[in-house]
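Okay, so here's the structure we're looking at.
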Amino acid sequence: MLSRNATVVGLQWGDEGKGKIVDALAEQVRYVVRYCGGANAGHTVVVGGEKFALHLIPCGLLHDGVINVIANGVAFDPVVALEEIAALRNRGVKLDAKNLRISAAANLVMPWHKLRDSLSEKRLGKGKQIGTTARGIGPCYSDKANRSTAIRAGDLAHADVLAEKIRTIAEIKNATFNALYEADPIDGDSIVTEYTEYGRQLAAMICNTGGLLRRAAARGEPILFEGGQGSMLDVDHGTYPFVTSSSVTACGVPAGAGVPPSAVGQVVGLIKAYTTRVGGGPFPTEQENRIGDYLRERGHEYGTTTGRPRRCGWFDAFAARYAADISGVDELALSLLDVLSGLDEINVCVGYRVDGESLDMLDPAAMAQAQPVYETMGSWSEDISA
Ligand code: IMO
Ligand code: MG
């Protein structure tokens, strides 16, 4: 068992291999907790020799005795959750209210969130688009902040409350979507039927997960917090507006899981030996050339959630240090070094220049104008994958 809690966070733009590291650490803890994001994540674990991408269910599910928690900070999509539960059960993984808990305070992703995500991106057009995963994440968190148009997982356990909320909100969404996008109306009644059924299937797992985790922390039972996305996609500290809509760094753990800051524990920051990014936004070390193609093909850099080819470039130590500082990283886990085998030389970005001046502190707002400063390293050609 770990002697204290641990938090695993991505230090780049996501896809740093969080699933693998969480799965490796999970046998040493009692709880594995998702505290941010939603089904926009794609965390890969190996189930029965087969790779399996999880979007919502925490990556501790393969370990007996681990309780997997979807905490209040998550944008919870019951459709994806039930699909994952079914797929995992098909592979012989036991998942029930004993090892999977969902916070009653997690906000639900509704069909109108996914619809608005797509409509809004389409309207923004090329160049301005965020390049979201179309999973309804931004619109769900918008409604969370708006309060009166939000539905929480706890409502799934009360069919009458749920039905009333869905009907009222569907009417508001129909009026706004019609005015903004001339969209066809959403049928509130069929959503009531659909979500009532999800509630029936999930009710036993929905509870006060904050209380559960605070008690566990007080008893000294080790908790592992599984970050989603990457620090440069953080809503406050990333390359805004080309970010996701939640607090994904270790700073998001207390609010997103309902635990005190002291419960964050040891922070493990994940980096790849190069950088990738999916979607729009600045990326100073991007290589839109033969090198980027080499990294993409050798690293299989295609989206787990959307299948999109990832943008690829050199490792950015300047950005990684910024991200490590925000989360107070204690340890780094570096992966995919073997992808670099066979390159003539390897560049590492150690700083940025803006208008010819070196920046002494990274500011994500300056990234679009930043010229990377590289240190060129020697290379190797042998296979180091083992
Ligand atoms: P994991 O957990 C990579 C990116 C999207 C887009 C931006 C906003 O697998 O590392 P959103 O759908 O969240 O509104 O999209 O954030 N993005 C990710 N990129 N890995 C992820 O998660 C991501 N989650 C969101 O591509 O640029
Ligand atoms: Mg991903």
Side-chain angles (χ1 to χ4, degrees), residues 7-23 32-45 51-59 70 73-77 80 84 107 109 113-121 124 126-144 225-249 252 256 269-272 275-283 286 299-312 323 333 335-336 364 367:
T7 295
V8 169
V9 288
L11 299 184
Q12 297 167 317
W13 276 281
D15 307 321
E16 302 93 346
K18 293 176 288 289
K20 186 174 181 173
I21 300 290
V22 168
D23 181 40
V32 175
V33 184
R34 279 280 310 268
Y35 61 89
C36 69
N40 49 351
H43 297 178
T44 308
V45 291
K51 276 198 175 178
F52 200 80
L54 294 167
H55 302 289
L56 258 188
I57 308 293
C59 292
I70 297 173
V74 172
F76 180 71
D77 186 336
V80 177
E84 288 185 0
N107 277 71
V109 174
H113 293 139
K114 291 181 241 194
L115 181 62
R116 205 196 109 202
D117 203 347
S118 307
L119 291 170
S120 156
E121 285 280 281
L124 283 169
K126 273 217 156 43
K128 293 208 171 122
Q129 267 167 359
I130 296 167
T132 71
T133 59
R135 296 300 185 105
I137 301 297
C140 175
Y141 284 113
S142 306
D143 275 334
K144 174 181 179 175
F225 297 100
E226 173 181 351
Q229 293 71 55
S231 304
M232 302 311 296
L233 290 169
D234 184 90
V235 67
D236 289 293
H237 308 295
T239 49
Y240 195 89
F242 298 99
V243 294
T244 190
S245 305
S246 64
S247 297
V248 307
T249 71
L270 269 48
I271 45 178
K272 293 196 278 207
T275 311
T276 63
R277 166 159 215 179
V278 205
F283 180 179
E286 182 170 20
H300 313 291
E301 294 294 353
Y302 293 88
T304 312
T305 303
T306 57
R308 291 177 287 179
R310 294 180 182 142
R311 300 160 63 191
C312 296
S335 64
L336 296 170
M367 265 200 183

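Numbers here simply count residues along the sequence, with the first being 1. We count ligands from 1, going down the list as the structure has it; atoms in each ligand are counted the same way.
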Exercise. Is Glu121 reaching over with its side chain to a backbone N or O of Ile130, donor-acceptor style, under 3.5 angstrom?
Worked result: yes
Problem set entry | Atom nearest to the Mg ion (ligand 2) - Asp15, N, O or S atoms considered | OD1
Problem set entry | Under 4.0 Å to a heavy atom of Ile130 - the qualifying atoms of ligand 1, by number | 8 (C), 27 (O)
For this session: Give a yes or no on whether the backbone of Gly37 and the side-chain of Tyr141 come within a donor-acceptor separation of less than 3.5 Å.
Result: yes
Seminar exercise, completed: The protein heavy atom nearest to atom 12 (O) of ligand 1 is Thr133 OG1, 2.6 Å
Exercise. Can you tell me the protein heavy atom closest to atom 5 (C) of ligand 1 and the distance?
Worked result: Gly131 O, 3.6 Å
For this session: Check ligand 1 against Lys18 and write out every atom of the ligand that is under 4.0 Å from a heavy-atom position of the residue.
Result: 1 (P), 2 (O), 10 (O)
Exercise. Nearest to atom 18 (C) of ligand 1 by heavy atom, Asn40, Val278, Leu233, Thr304: which?
Worked result: Leu233
Problem set entry | Taking atom 20 (N) of ligand 1 as the reference point, the nearest protein heavy atom with its distance | Asp15 OD1, 3.1 Å
Exercise. Which of the numbered atoms in ligand 1 are below 4.0 angstrom from a heavy atom of Trp13?
Worked result: 3 (C), 19 (N)
Exercise. Just by modelled atom types, is the Val22 backbone N or O under 3.5 Å from a matching donor or acceptor in the Glu226 side chain?
Worked result: no
Problem set entry | Modelled atom types, side-chain donor and acceptor of Thr132 and Asp117, under 3.5 Å | yes
For this session: Please indicate whether any nitrogen or oxygen in Gln229 is less than 3.5 Å from any nitrogen or oxygen in ligand 1.
Result: yes
For this session: Say whether Asn40 and Thr305, considering side chains only, have a donor N or O and an acceptor N or O under 3.5 Å apart.
Result: no
For this session: Starting from the C-alpha separation in whole Å, work towards a yes-or-no answer on side-chain hydrogen bond (donor to acceptor under 3.5 Å, both in side chains) for Glu84 and His55.
Result: CA-CA 8 Å; Glu84 288 185 0; His55 302 289; 4.6 Å; no
Problem set entry | Atoms of ligand 1 close to Gly14 [distance to a heavy atom under 4.0 angstrom, numbered from 1] | 10 (O), 20 (N)
Exercise. Short list, please: which atoms of ligand 1 are under 4.0 Å from a heavy atom of Ala41?
Worked result: 1 (P), 2 (O), 9 (O), 22 (O)
For this session: Answer yes or no for Arg310: is there a heavy-atom contact with ligand 1 below 4.0 Å?
Result: no
Exercise. Counting heavy atoms only, which part of Glu226 comes closer than 4.0 Å to ligand 1: side chain, backbone, both or neither?
Worked result: neither
Problem set entry | Ligand-residue contact atoms, ligand 1 with Gly279, heavy atoms, under 4.0 Å | 27 (O)
Exercise. How close does the nearest protein non-hydrogen atom get to atom 15 (O) of ligand 1, and which residue and atom is it?
Worked result: Thr132 CA, 3.3 Å
Problem set entry | Contact check: Gly228 vs ligand 1, nitrogen or oxygen atoms, below 3.5 angstrom | no
Exercise. Have Arg308 and Thr306 got a donor and an acceptor in their side chains that come within less than 3.5 Å?
Worked result: yes
Exercise. Any chance the side chains of Arg310 and Thr304 put a donor and an acceptor closer than 3.5 Å?
Worked result: yes
For this session: Would you name the heavy atoms of Met232 and Leu11 that are closest together and state the gap between them?
Result: CG-O, 4.2 Å
For this session: Can you figure out which of Thr305, Thr244, Thr276 has its heavy atom closest to atom 11 (P) of ligand 1?
Result: Thr244
For this session: For atom 9 (O) of ligand 1, find the nearest protein heavy atom and state the residue, atom name and distance (0.1 Å precision).
Result: Gly42 N, 2.9 Å
Exercise. Should you measure from each heavy atom of His43, which atoms of ligand 1 turn up under 4.0 Å away?
Worked result: 1 (P), 2 (O), 9 (O)
Exercise. Ser231 side chain to Gly10 main-chain N or O, any donor-acceptor pair under 3.5 Å?
Worked result: yes
Seminar exercise, completed: Val243 heavy atoms within 4.0 Å reach ligand 1 at atoms 7 (C), 8 (C)
For this session: With sequence neighbours excluded, tell me which residues meet side chain to side chain donor-acceptor pair (under 3.5 Å) with Ser120.
Result: none
Exercise. In terms of the angle between their ring planes, are Trp13 and Phe283 parallel, tilted or perpendicular, with boundaries placed at 30° and 60°?
Worked result: tilted
